[in-house]
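Everything on this sheet refers to the single structure shown next.
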Amino acid sequence: PVWRRTRQLMLELTRPVIDFLNDLDRERTYVAGDARAGQPGLSDDESIELAIVGEQLEVGTKVSFDRAVGAETFLRPSVALAKLPARQAWLRFRAATSDIQRARVAMGGNTERDLPNADVGRQSFEYYLRNEADD
């Protein structure tokens with residue numbers, strides 16, 4: 001019982017730190033690009049003002065560990081995260097090969113080389129959002 005209660009307290013106390021680090025990671029992934037998703041990073045010539053938390057932390061005042069002052073709660077640095085797009089999630093599903101081929105042909109491709117399965121799925125999803133989903 002002592003361990004379970006201690007563990008629960010540790011989870012509650014570390015949640016703000018974990019949320020902050022997740023936001024920082026999400027921002028860095030967005031700026032650098034996500035190779036797994038085939039998304040390029042931002043180029044230098046894009047005119048987007050980014051207030052990257054990591055850069056702010058680099059230029060912040062550094063204090064040696066023995067002079068650091070503790071606090072009861074985690075105080076998140078007061079810097080703005082870069083304006084990020086809406087959160088994203090993967091969509092994956094299986095479909096009959098014949099149905100994928102029918103959709104591919106309807107989109108102007110003949111083979112997977114012309115239009116890969118991922119593109120068939122993406123274009124189908126985008127079509128649905130444009131034409132069928134209520135805005």
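One-based numbering along the sequence shown.
We find the CG-OG distance between L91 and S124 to be 11.5 Å, quoted to the nearest 0.5 Å. One finds the CD1 atom of I100 at 11.0 Å from the CG atom of L115 (value rounded to the nearest 0.5 Å).
By the rule that hydrophobic residues join a cluster once side-chain heavy atoms approach within less than 4.5 Å of another member, M10 and L13 end up as members of separate clusters. Cluster membership for L21 and I18, using ILVMFWY side-chain heavy atoms within less than 4.5 angstrom, is not shared.
Here the closest non-hydrogen pair linking R122 and D119 is NH1-OD1, 2.7 Å. Of all heavy-atom pairs spanning V120 and A103, the tightest one is CG1-CB, 3.8 Å.
Annotation: salt bridge (Lys or Arg N to Asp or Glu O under 4.0 Å) contacts of D19 (sequence neighbours excluded): R15. Remark: Q8 engages E12 in a side-chain hydrogen bond (donor to acceptor under 3.5 Å, both in side chains) (not counting sequence neighbours). Every residue two or more places apart in sequence or in another chain that forms a side-chain hydrogen bond (donor to acceptor under 3.5 Å, both in side chains) with Q101 is listed here: R104.
A donor-acceptor pair is defined here as one N or O able to donate and one able to accept, closer than 3.5 Å; such a pair exists between the side chain of D114 and the backbone of N110.
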